[in-house]
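Structure record follows, encoded as structure tokens.
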Amino acid sequence: MNFDLFTDPDAAPTGLPPGGGGDPLVTGLNPEQAHAVTTTDGPLLVLAGAGSGKTRVITHRIAYLVERLGVPPWQILAVTFSNKAAGEMRHRIEELHGEGASDLWLGTFHRIGVRLLRSFGKHAGLASSFGIYDRDDSKKMIKRAMAALNISDKQLRPRTVATYMDQAKNSLLLPGDPALPQTDAVEKRCAQIYQRYEDEMRRADAVDFGDLLMRPVQVLREVPTLREHWAARFRYVLVDEFQDTNLAQFELLKLLTSVHGNLCVVGDDDQSIYSWRGAEVRNILDFPVTFPGATVVKLERNYRSTDVILAASGALVRQNRTRHDKTLWTEVTGGEKIAVHATDTDSDEADWIARRIEALRGEVPLNEIAIFYRTNAQSRVLEEAMGRFRLPYVLIGGLRFYERAEIKDLLAYCRLLVNRDDTASWLRVVNTPRRGIGKTSVQRVEQAAASWQVSVPEAARRMVQGEDRFRGKDKLLAFVELIARLRTRVDGMRADEAGALVLKECGLREALLEEGSLESQTRLENLGELLSAMGEHAAGAPDPTLVGYLEQVALVADVDKLDRGHEVVSMMTMHAAKGLEYDVTFVAGLEEGLVPHGNAAAEGNTEEERRLLYVAMTRARKRMHLSYARLRRRFGQEELQTPSPFLTALPDELLERTGPVRRRGWGGVARVGSSSFGGAHARGGGGGRGGGRGAGHGAAWPSAPARVPRDDGTVVERHVTREREDVPVIQRESAGPFQAGGFARHKSFGKGEVIDVAGHGKLARVTVRFPRVGVKKVLARFLQPAG
DNA sequence: GTGTCCCAATTTTTT
DNA sequence: ATTGGGACAC
């Protein structure tokens with residue numbers, strides 16, 4: 001592999017005339033990029049292919065506005081897709097501009113929405129302390145609304161309602177709007193629940209993600225003075241990833257540019273992958289129609305990838321019917337072929353990936369390697385393989401830190417302190433930890449809230465103040481007073497101090513300490529981590545209080561935390577990969593039903609799935625690996641898979657196909673330790689094919705792997721790869737230090753008998769019977785082998 | 001009011 | 001395969 005062949009994507013492109021007469025902000029850009037940077041006034045559409053330097057264009061444009069045209073930064077609004085992208089952009093602007101860009105409004109649509117609502121939310125019926133509800137909170141409120149309307153969550157799934165409301169809000173439809181879809185019984189009921197939900201949210205002084213876009217639009221439409229004020233303020237508006245904006249976002253942009261009309265949007269219709277979130281590709285396709293006289297600039301030169309990667313991904317996306325025709329080109333030639341590897345099982349696939357990464361070690365820094373997949377559930381096997389090979393990795397998405405129960409508990413206390421009407425948080429913590437306020441008491445409070453038409457916390461306050469006597473009043477009173485007391489003490493405190501105080505006073509820590517189990521110990525550690533995260537935030541944020549921190553938590557996605565500074569492999573979904581680039585990438589699970597995903601295909605979204613794979617493929621600079629397995633575990637069941645039909649679009653001469661090979665003379669259908677393949681092979685597609693590799697086009701399965709026992713008891717696997725070396729298969733459970741029937745020692749539980757072992761290595765879960773505490777499942781890393 | 005057991009959903013993607 | 005929520009018993 002010769003990596004020196006390729007140009008640094010951030011270096012100035014070579015062989016092009018300088019675009020702007022010696023201006024350092026423009027020289028080094030190609031003519032199209034320079035045109036996009038210097039065309040500052042009026043509507044501008046930049047159609048920027050993958051890797052064509054669009055971030056460069058946006059950052060240079062902002063610097064150009066500030067330095068050459070003397071535009072004060074506070075008159076510029078730049079919208080990005082993720083907070084991470086915003087952070088990177090701010091950093092790059094600072095590099096260009098030399099000084100802080102703190103006055104610049106730069107952030108995601110949702111963050112801009114929060115900022116606007118903090119300023120004029122009262123026009124939408126919100127106090128400035130309003131809370132932001134995530135999916136979980138929102139779902140809880142939906143359930144409550146459904147319960148109030150006597151709709152069982154069995155006849156209508158809350159998730160369906162959530163999707164309905166999401167779409168409504170993305171399309172700027174308020175409850176009661178005649179344009180709301182109400183064609184069938186389900187939709188009618190959803191519309192009804194929507195109304196009720198909004199009432200409840202208003203009482204709780206809370207907004208959901210959809211509200212962060214819809215409410216500002218609503219206010220700006222209804223209050224002309226505000227609209228004029230804000231539109232006059234923003235003289236220049238820039239938007240990245242415009243192909244993934246929805247109606248509400250576009251409307252917000254139109255309102256904010258209604259005075260100056262200087263709207264610059266950058267995007268690529270081939271990378272539109274969020275239609276399920278309401279994204280309208282039409283926004284970008286019709287831009288010249290919506291804004292007659294708009295300047296259109298096309299960036300088709302790719303600075304990121306090799307010719308091979310570009311040709312393969314281009315061949316794929318060209319199969320889509322609805323797209324602007326464009327062809328990316330590069331001066332880079334001689335790129336390596338794309339590795340396409342087939343395996344028998346998903347864990348074999350994961351092993352292959354880990355082994356490849358192991359082989360690349362030293363040659364490529366680990367933080368220049370990424371693994372992409374379609375669904376978060378796929379990360380599990382990959383993680384296990386990375387663990388077996390002791391490869392450090394960072395997982396983006398999946399099980400999030402902030403979704404752990406104890407974290408949500410403490411945050412719920414904090415949110416309740418900031419927003420005294422926060423119904424969802426109140427319900428979460430009222431009996432956490434147990435303080436004797438059970439179902440009946442809570443129901444009584446909820447009923448009171450409904451009849452008084454106030455938030456649940458407010459109802460509780462009134463009830464304990466009133467003269468009425470009822471069972472459990474003392475306990476409820478104690479809780480109400482606890483919250484009131486904490487609220488006054490926390491006022492004005494730094495987020496971490498406040499968090500520590502709450503943890504100490506609310507009883508969570510006591511309860512966990514008392515429990516004394518391994519699990520409670522881990523939970524306490526997690527809470528400690530939360531406090532230090534709060535401290536970090538308080539140290540660097542403009543608003544170091546709880547309000548600022550809670551806003552951060554609500555709006556920051558997992559990908560935002562990706563830190564490329566450390567030498568670790570990145571693992572994420574293809575969606576999360578948008579906007580990132582790596583020297584070497586792996587795309588795993590290229591199987592029908594996964595890529596394209598079965599649900600998406602059923603909804604007729606095959607083209608978007610193709611774009612998604614296109615996005616994943618165009619992340620690679622130098623070398624790409626595609627892989628698929630014949631057998632994959634889903635819901636704990638092994639299922640037969642067929643290679644992704646998308647693979648057939650890739651020209652064979654750009655690929656190098658490998659797969660496990662049958663070893664001659666190894667008992668017919670060679671396999672070790674797996675009996676699951678019996679009839680699978682024939683049905684898999686490559687049935688009659690003999691040994692050798694799965695050559696040919698598209699969906700061909702290679703034969704079973706050759707796994708050969710060696711004298712030392714390990715097993716080697718023989719692959720037809722270029723290395724041609726025997727690689728040890730990693731130890732199975734039985735070879736680990738813990739075996740059923742053996743003994744293990746735990747720090748606090750003492751010595752116990754091992755009953756069962758599941759998983760491998762440090763991730764293994766060992767079931768142990770301890771003499772005093774009984775049977776526990778414990779992670780292997782907490783155990784020592786014991787005689 | 002609390003604890004335990006069983007079953008259902010989960011795994012399409014996320015600000 | 002795992003998890004959370006609801007039904008039921010105490």
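Predicted, not measured: the structure shown is a model, and the values here were computed from it. The chains referred to below are lettered A, B, ... by the order of the sequence lines, with proteins before strands, and numbering in each begins at 1.
Atom CD in A:Glu608 sits about 14 Å away from atom P in B:dT13, given to the nearest Å. Atom CG in A:Asp137 sits about 18 Å away from atom P in B:dT14, given to the nearest Å. Atom C1' of nucleotide B:dT13 and atom CD of A:Glu603 are separated by 11 Å, given to the nearest angstrom. As a whole-Å value, the separation of A:Arg157 CZ from B:dT11 C1' is 12 Å. One interatomic measurement links the two molecules: CZ of A:Arg144 to P of C:dG5, which rounds to 15 Å at whole-angstrom precision. With rounding to whole Å, A:Ile132 atom CD1 is found 14 Å from B:dT15 atom P. Computed from coordinates, the A:Phe635 CZ to B:dT12 P distance equals 6 Å when rounded to whole Å. For the pair A:Leu555 CG and B:dT15 C1', the computed distance is 8 Å after rounding to whole Å.
If A:Asp153 and A:Arg633 are placed on DNA chain C by their nearest nucleotide, the residue sitting closer to the 5' end is A:Arg633. The 5' end of DNA chain B is approached more closely, in terms of each residue's nearest nucleotide, by A:Lys154 than by the other of A:Lys154 and A:Gln249. Residue whose closest nucleotide on DNA chain B sits further toward the 5' end, between A:Phe209 and A:Ser441: A:Ser441.
Proximity note for A:Lys143 (side chain, C-beta onward) versus B:dT12, C:dG5, B:dT11: the nearest is C:dG5. When each of B:dT14, B:dT12, C:dT2 is scored by its nearest atom to the side-chain atoms of A:Trp276, the top-ranked nucleotide is B:dT14. Distance from the side chain of A:Thr375 is smallest for B:dT13 among the nucleotides B:dT15, B:dT11, B:dT13. Distance from the side chain of A:Arg434 is smallest for B:dG3 among the nucleotides B:dT13, B:dG3, B:dT15. Nearest to the side-chain atoms of A:Lys439 among the listed nucleotides C:dC8, B:dT13, B:dT15 stands C:dC8.
Listed for the A:Arg619 side chain is a donor-acceptor partner under 3.5 Å among the backbone atoms of A:Leu580. Of the possible donor and acceptor atoms, one in the side chain of A:Asn320 sits under 3.5 Å from a partner among the backbone N and O of A:Glu607.
For B:dT14, one of the phosphate oxygens OP1 or OP2 lies less than 4.0 angstrom from a side-chain nitrogen or oxygen of A:Asn376. An OP1 or OP2 oxygen of B:dT12 is reached within less than 4.0 angstrom by a side-chain nitrogen or oxygen of A:His597. One finds no side-chain N or O of A:Thr573 lying less than 4.0 angstrom from the OP1 or OP2 phosphate oxygen of B:dT12. The phosphate of B:dT15 (OP1 or OP2) has no side-chain N or O of A:Asn246 nearer than 4.0 angstrom.
The cationic atom of A:Arg144 (NZ for Lys, CZ for Arg) does not lie both less than 6.0 Å from the six-membered ring centre of A:Tyr197 and within 45° of the ring axis. Note that A:Lys475 lies outside the cation-pi zone of A:Phe479, set by a 6.0 Å cut-off to the ring centre and a 45° limit from the axis.
Within the nucleic acid shown, A:Arg159 comes within 4.0 Å of at least one base atom, counting heavy atoms only. Using a 4.0 Å heavy-atom cutoff across all strands shown, A:Glu241 reaches no nucleic acid atom at all. Backbone-only contact: A:Tyr274 has heavy atoms under 4.0 Å from sugar-phosphate atoms and none from a base.
Applying the side chain to side chain donor-acceptor pair (under 3.5 Å) criterion to A:Gln378, with sequence neighbours excluded, gives A:Thr375.
Side-chain contact check for A:Val207 versus A:Tyr133: every heavy-atom pair is 4.5 Å or farther apart.
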